There are 2 protein chains.
Amino acid sequence: MAGIKDVADRAGLSIATVSRALSGKANVSAKSRKLAKTAAAELGFVPSYHASSLASGRNHNVGLVLPSVHRWYFSSVLEGVSATLLDAGYDLTLYNVGDQAVRRESVLNDFLLRKRLDAVIAVALVLTDDEIQQLLAIHRPIVGIGGALAGASTIRINDSGLSRMATNHLIQLGHTRIAHLTGDPALNQDFKLPGIRQAGFEAAMKDAGLPVRPEWQISADFTIQGAYASARRLLGMGTERPTAVFAASDEMAIGTILAARDFGLRVPHDLSVIGMDGHELGEVFGLTTINQDARGQGALAARLLLETLDAGAAAGNDGAATPRGATDREYPTELVIRTSTAVPPA
Amino acid sequence: MAGIKDVADRAGLSIATVSRALSGKANVSAKSRKLAKTAAAELGFVPSYHASSLASGRNHNVGLVLPSVHRWYFSSVLEGVSATLLDAGYDLTLYNVGDQAVRRESVLNDFLLRKRLDAVIAVALVLTDDEIQQLLAIHRPIVGIGGALAGASTIRINDSGLSRMATNHLIQLGHTRIAHLTGDPALNQDFKLPGIRQAGFEAAMKDAGLPVRPEWQISADFTIQGAYASARRLLGMGTERPTAVFAASDEMAIGTILAARDFGLRVPHDLSVIGMDGHELGEVFGLTTINQDARGQGALAARLLLETLDAGAAAGNDGAATPRGATDREYPTELVIRTSTAVPPA
DNA sequence: CTGAAAGCGCTAACAG
DNA sequence: CTGTTAGCGCTTTCAG
């Protein structure tokens, strides 16, 4: 309950000096600073964030918009953002919009605009130009992770190129009957991600002169269990089976491996499976995949934002940071070959 | 950038009337309200949360403290809390403290005290009396999920009783050689959860006159992959094997099933496995478990808090809600028998 | 280096 | 029902 006034009284200083001393500003004598600090400590003084934000215009708070917290990719990004922010003394306001359009709307049109956030990080969210403009209009820098965001900075991986790479890995091993397990079209609130990865797959197949069979293009909801169900249907089709599957996420690759086991198929002997992500569970299954360090992407996004904010503050820019020209960074990835892929059965 | 003043001017009303009109208060003529609303809309007015919080004392913001966002239980709780809060127009400030003591400290001693939260929900966190007092001292209601929190309300399941139930399920099937896979002792930032579940297991064994073999009491980090590694060690011990395993979480139960497969053990024919949680993936593995609806627990916690806050507001209580006597609620659960448990091999 | 004073933008009595 | 008047608790010129 102690306010800065109480601290000032107890320290025998003015409110202004205490404020400067406590927020580590210059132009305060060592003695005054000590005096202020002790008084504050003795009173258990904790500054009111609302008051200081109101007065200074800075919030020390970053918003994070996610479509889900259950899928590995998103919780990993969240973890990276969270750790970076916490260490910098920033709060993280989480908007888990899920798949409900209503929630998405209200977050975008109400929550985010309440001038309470210094910046926002949007993960795998397709924003309309209007939505982006609205955000930019309130002078908040935005960074997008996982896809392009016109006018905002983004961090992403080369989804189409990497899908090609994954597919090529299979082709080089000698596979010709390759299936692709993609994300449900309904999940295209995401940056059209499923579509992009699928395009990469198709391009690679085409380049190799291989057919893309419609019945081997299946989809699931990005979860292990969803992919398991879809893969069972794929592998259970009475007809010819593929000898390899490229799944658009590790979770779906794992679901595929589990389904294969049900049919007595040995991985990779009878069926090769490659995923994409770098999920920790991949090791257990010997999953060949493309690592993308989602946690690192989240941390990087947060760091970039913090730098921008600091720069804005240093420039005396009234707390509202100036977004330095929107940049589009590609995050590094690596192909990790384990034991779920091999040459096709004779 | 438009402030309430601009809206007032444009509407030809006083600031006060606009404030009342826009925040849906009574005592405003329909005409004035309409006038205010149109003016606000035309100017794209969005109220400053800091200003209104400072003036009203209410933040519309709840803090959630979690030890992790990757484990199923926590992300499920998060999801429940998040949805409930969003729908009520509240912000969710997330503190993912992880296992770093430093972070835990700073969150507890800095972040949470900044008077920016109306309430806090702590999941599976053991708070010292001091910490609880500190939080209560700033007049913020707290609710704990997943364990006891002296002085605060809690929502939890009967961990010890349910562990007993799970163990008894195995015993009733005829098992006598039962192993227990518990959480790493290091994870006892949790409400001593591993210990409590283990105690339930031991009690059930004792009641049945069965021996608890130390070498069959193993631990892991609550993840599938961690449990997989531990279970491999358990099942790979040259000596006699258990015929059943009770894992303290579904993720660990699944890791166990995967390990069993590696050794050519059929579940449940050669090894019965029971888990605890209600993880969606359990279905894929036919996992027998105890469902606990973590999402629902999170939603309930949020709802309780919102009610308390509303009550406080209604009571004209300066926004600082009065915690109505701390209650300790037990959340309902159910034993779900699937196909991972059966009578022991002959 | 320090203090006084002027707000940040809104809400909440209080009179009318 | 509406306008006026005080602040909420801090930061920040601006003098000194």
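These figures come from a predicted structure and were not determined experimentally. Just so we're on the same page: letters track the sequence lines, and every chain starts at 1.
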Rounded to whole angstrom units, what separation is found between the CG atom of B:Asn27 and the C1' atom of C:dC14? 13 Å
Hey, which sits more toward the 5' end of DNA chain C by its nearest nucleotide, B:Ile15 or A:Lys31? A:Lys31
Does OP1 or OP2 of C:dC1 have a side-chain N or O of A:Lys25 closer than 4.0 Å? no
Let me know, please, whether B:Arg20 or B:His50 comes out on the 5' side of the other along DNA chain C by nearest nucleotide. B:His50
Closest-nucleotide 5' rank along DNA chain D - winner of B:Ala51 and B:Leu13: B:Leu13
Without decimals, in angstroms, what is the distance between B:Leu54 CG and D:dG9 P? 7 Å
How are the rings of A:Tyr49 and A:His60 set relative to one another: parallel (under 30°), tilted (30 to 60°) or perpendicular (over 60°)? perpendicular
In whole angstrom, give the distance that lies between atom CG of A:Leu43 and atom P of D:dC10. 12 Å
Charged N to carboxylate O below 4.0 Å: is that the case for B:Arg58 and B:Asp118? no
How long is the line joining NZ of A:Lys5 and C1' of C:dA5, in whole Å? 14 Å
Using a strict threshold of under 4.0 Å (side-chain N to carboxylate O), is an ion pair present between B:Lys5 and B:Asp9? yes
Would you say a side-chain N or O of B:Ser48 is under 4.0 Å from OP1 or OP2 of C:dG9? no
Rounded distance (Å) that lies between atom P of C:dG9 and atom CG of A:Leu113: 17 Å
With a distance cut-off below 6.0 Å to the six-membered ring centre and an angular limit of 45° from the axis, does B:Arg114 pair with B:Phe111 as a cation-pi contact? yes
